[in-house]
Participant: 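What follows is a structure written as structure tokens; I'll ask about it next.
Everything numeric in this text was worked out from a predicted model, so none of it was measured.
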Amino acid sequence: MQPVGANIHRFFSLMEKYAESHFSTLVDNTVTLAEITQMASERNTIISLYLDINSGMDRTGCIPNETAVDLYCSMEKNANINARGLHAYDGHIRNTTILERTQVCDTAFNKVLKLKGAIKKRGVVIPNIIAGGSP
């Protein structure tokens, strides 16, 4: 889940305390992106971010639409952000048979692939997609 409020400060503190480790986090809205970007700028550092996508669980992530395209492109253009790709969690997919689960998962993941294509049309390459769910 993306850090918000005081957790943004905690995220930066962890990065400073464990400087030899590589950290990444998620964003799914412009407000959080602006807060992370401002703090990164103030600390003269680069933050690795993934855009969190709502692939149907409706718990976190942005809807994979034109607003999400704009959000990812703004991450890509920011000097203090290393846009690492897309993140999609499909923990809501719990069908008991593998065939049903595969069909539902493919439908949910298709939203992510369409978003990737829309971002690519703007000339931005998505380096990674992190996806999966507990089941």
Participant: When the side chains of residues 118-126 are checked against the rest of the protein, which donor-acceptor pairs come out under 3.5 Å, sequence neighbours left out?
Facilitator:
unit_1, atom_1, unit_2, atom_2, d
Arg122, NH1, Asp70, OD1, 2.8
Arg122, NH2, Glu66, OE2, 2.5
Arg122, NH2, Asp70, OD1, 2.6

Participant: Same cluster or not: are Leu26 and Val112 linked, directly or through other Ile, Leu, Val, Met, Phe, Trp or Tyr residues, by side-chain heavy atoms under 4.5 angstrom apart?
Facilitator: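 Per the 4.5 Å side-chain linkage, Leu26 and Val112 are not co-clustered.
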Participant: Do Gln2 and Thr60 pass the side-chain contact (heavy atoms from CB on, under 4.5 Å) test, and can you show the C-alpha distance, the side-chain angles, and the key distance before you say yes or no?
Facilitator: CA-CA 9 Å; Gln2 71 180 332; Thr60 66; over 6 Å; no
Participant: Side-chain heavy atoms nearer than 4.5 Å, only ILVMFWY residues, links allowed to pass through others: does that put Ile130 and Leu115 together?
Facilitator: no
Participant: According to a hydrophobic-cluster definition based on side-chain heavy atoms being under 4.5 Å apart (Ile, Leu, Val, Met, Phe, Trp, Tyr only), do Met15 and Tyr18 belong together?
Facilitator: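 Looking at the clustering, Tyr18 is in the same group as Met15.
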Participant: Do Leu86 and Lys116 make a side-chain contact, defined as non-hydrogen atoms from C-beta onward lying under 4.5 Å apart?
Facilitator: yes
Participant: With rounding to the nearest 0.5 Å, note down the distance linking CZ in Arg84 to CD1 in Ile129.
Facilitator: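 Going from the CZ atom of Arg84 to the CD1 atom of Ile129 covers 12.5 Å.
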Participant: Could you tell me whether a side-chain N or O of Asn80 sits under 3.5 Å from a main-chain N or O of Thr45, the two making a donor and an acceptor?
Facilitator: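 Pair found, side chain donor or acceptor close to backbone of Thr45.
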Participant: Measuring only between side-chain heavy atoms, which start at C-beta, is Leu49 closer than 4.5 Å to Leu33?
Facilitator: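 Touching, per the 4.5 Å side-chain cut-off.
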Participant: Testing the basics here: between Ile47 and Ala40, what is the closest heavy-atom pair and its distance to 0.1 Å?
Facilitator: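 The pair with the smallest heavy-atom distance is CG1-CB, 3.7 Å.
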Participant: Just how far is it from atom OG of Ser41 to atom CG of Asn78, taken to the nearest 0.5 Å?
Facilitator: 8.0 Å
Participant: Considering all heavy atoms of both residues, which atom of Leu71 and which atom of Thr30 are nearest to each other, and what is their separation?
Facilitator: CD1-CG2, 3.8 Å
Participant: Of all the heavy-atom pairs spanning Leu51 and Ala68, show the shortest one and how long it is.
Facilitator: CD2-O, 3.5 Å
Participant: Could you report the tightest heavy-atom contact between Pro127 and Tyr72, atom names first, then the distance?
Facilitator: CD-OH, 3.6 Å
Participant: List the steps, then state whether side-chain contact (heavy atoms from CB on, under 4.5 Å) holds for Phe11 with Ile36.
Facilitator: CA-CA 10 Å; Phe11 177 74; Ile36 290 173; 5.9 Å; no
Participant: Can you tell which of Asn128, Asp52, Thr25 makes a side chain to side chain donor-acceptor pair (under 3.5 Å) with His87?
Facilitator: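 Of the listed residues Asn128, Asp52, Thr25, the side chain to side chain donor-acceptor pair (under 3.5 Å) partner of His87 is Asp52.
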Participant: How long is the span from the CD atom in Gln38 to the CZ atom in Arg43, to the nearest 0.5 Å?
Facilitator: 11.0 Å
Participant: Is it true that Phe23 and Val27 fall in one hydrophobic cluster, defined by side-chain heavy atoms closer than 4.5 Å?
Facilitator: yes
Participant: Taking side chain as C-beta onward, heavy atoms only, is Cys62 less than 4.5 Å from Asn54?
Facilitator: no
Participant: Looking only at heavy atoms, what is the nearest atom pair of Glu35 and Gly5, with distance?
Facilitator: OE1-N, 4.3 Å
Participant: For the residue pair Asp28 and Gly61, what are the closest heavy atoms and their distance?
Facilitator: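 Looking at all heavy atoms of both residues, the shortest contact is OD2-N, 2.9 Å.
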